[in-house]
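As structure tokens, the structure follows; a few thoughts come after it.
The sequence lines fix the lettering, A, B, ..., with proteins before strands; numbering per chain opens at 1.
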2 protein chains.
Amino acid sequence: MTTPQRVEADLGWALHQVTRAHIKIVEQVLSGIPGGPRGYQVLAAAEEGTPTQLALARKLGLDRTVMTYLLDELVTEGLVERRPDPADRRARQIHLTVAGRAQLCDLERRLREVEEHLLAPLEAAERDQLRELLARLATTVQVEGNACQVAEDIKRA
Amino acid sequence: MTTPQRVEADLGWALHQVTRAHIKIVEQVLSGIPGGPRGYQVLAAAEEGTPTQLALARKLGLDRTVMTYLLDELVTEGLVERRPDPADRRARQIHLTVAGRAQLCDLERRLREVEEHLLAPLEAAERDQLRELLARLATTVQVEGNACQVAEDIKRA
DNA sequence: TATTGTTATACTCTATAACTATA
DNA sequence: TATAGTTATAGAGTATAACAATA
């Protein structure tokens, strides 16, 4: 399975190969975070506001029970805190800790490096072209769910 | 999560969105095949030669026990046959049946349509550009494993 | 009565190990 | 002794259902 002569092989094959390579290196960067890529996404979402657990679960396309387990680990690692929601005593707001914010900042820097590494084989102009074309396609195809979920789907396929 | 302002959001987000969309529609096309995308890949590989089960498992990056289950289903559906390998009585060669060959032909046609549908938002010249850039990147990044496996990885991420 | 979060249970998928038959 | 294929068992990950607290 070097260079495909077949069918699906075309766009699908290339798309999956590149995505797979991206996932592999991203997983390495995020291997130290509880929940891996998911944990990172929780941190990123928590930085943007103070979402409740349910809001977080919906945003990331996860079951709320999975979110409970995931947050248990992130809390244990001291990256986030659960605080009572003053407006609704049933809900918990998720806040980044100082350590969580520092961790997130570091991860974001390393993820940018990963992208640059992945695109390195292309010329600068080509990298921009690819980014632009993919971004345009991505906004038009818009599938329900999230990018993280893609990893699940790809594996199942 | 409409248009991302964040980080990973850039290339990774677009790449995963497009891949996810591709997986979704491919899964619909292959939903009737035992094993889904995997079953299709077995059919495609069986058409190219007469691989043994083990060769097939290695090519698709699957455990040989999984291959047994997968082939059981494909045989039940009448798409492939197990035949004794004349050169090694331990091994079984996997052959496409007439129905399997017809099924494969139909699937390939529909998968080509899926690709065209996915790229429809782009101009003809842009589609060619994207295909070319992705193909070039795919051949350079070359991760061990197969494209089908990507679906597994994406989900896990 | 409905909803947030938690916990316990069940299910799916995959890997691991053990077994048969060949080599 | 090693390998191809099968089968049984155990494990990780997820979803389902039941529960407590609150709305």
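Of all the heavy atoms in A:Leu134 and B:Val18, the pair that sits closest is O-CG2, 3.9 Å.
A salt bridge links B:Glu126 with A:Arg136; the closest basic N to acidic carboxylate O contact falls under 4.0 Å.
Rounded to whole Å, atom P of D:dT3 lies 17 Å from atom CD of B:Gln53. The nearest whole Å value for the distance from the CD atom in A:Glu73 to the C1' atom in D:dG13 is 12 Å. One interatomic measurement links the two molecules: CG of B:Leu70 to C1' of C:dC13, which rounds to 13 Å at whole-angstrom precision. Between the CG atom of A:Asp72 and the C1' atom of C:dT6 there is a distance of 9 Å, given to the nearest Å. Spacing between atom CG of B:Leu54 and atom P of D:dA2 amounts to 17 Å, rounded to whole angstrom units. A:Leu62 places its CG atom 8 Å from the P atom of D:dA15, with the value rounded to the nearest Å. Atom CZ of B:Arg92 is separated from atom P of C:dT22 by 9 Å (rounded to the nearest Å).
Judged by distance alone, with hydrogens and angles left aside, the side-chain atoms of A:Arg92 form no donor-acceptor pair with the main-chain N or O of A:Pro84 at under 3.5 Å.
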List the protein contact pattern of nucleotides 16-23 of chain D with one symbol per nucleotide (5' to 3'): B for base contact, S for sugar-phosphate-only contact, - for none; contact means a heavy-atom distance under 4.0 Å. BBB--BBS

Step by step, work out the side chain to side chain donor-acceptor pair (under 3.5 Å) result for A:Glu115 and A:His117. CA-CA 5 Å; A:Glu115 291 195 3; A:His117 173 72; over 6 Å; no

Can A:Gln41 and A:Leu30 be said to form a side chain to side chain contact (heavy atoms under 4.5 Å, CB included), step by step? CA-CA 10 Å; A:Gln41 290 206 336; A:Leu30 301 178; over 6 Å; no

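Considering only side-chain N and O atoms, A:Arg82 lies under 4.0 angstrom from the phosphate OP1 or OP2 of C:dT6. Side-chain nitrogen and oxygen atoms of A:Thr68 include at least one within less than 4.0 Å of the OP1 or OP2 phosphate oxygen of C:dT6.
Under the 4.5 Å side-chain heavy-atom criterion for Ile, Leu, Val, Met, Phe, Trp and Tyr, A:Leu15 and A:Ile25 are members of the same hydrophobic cluster.
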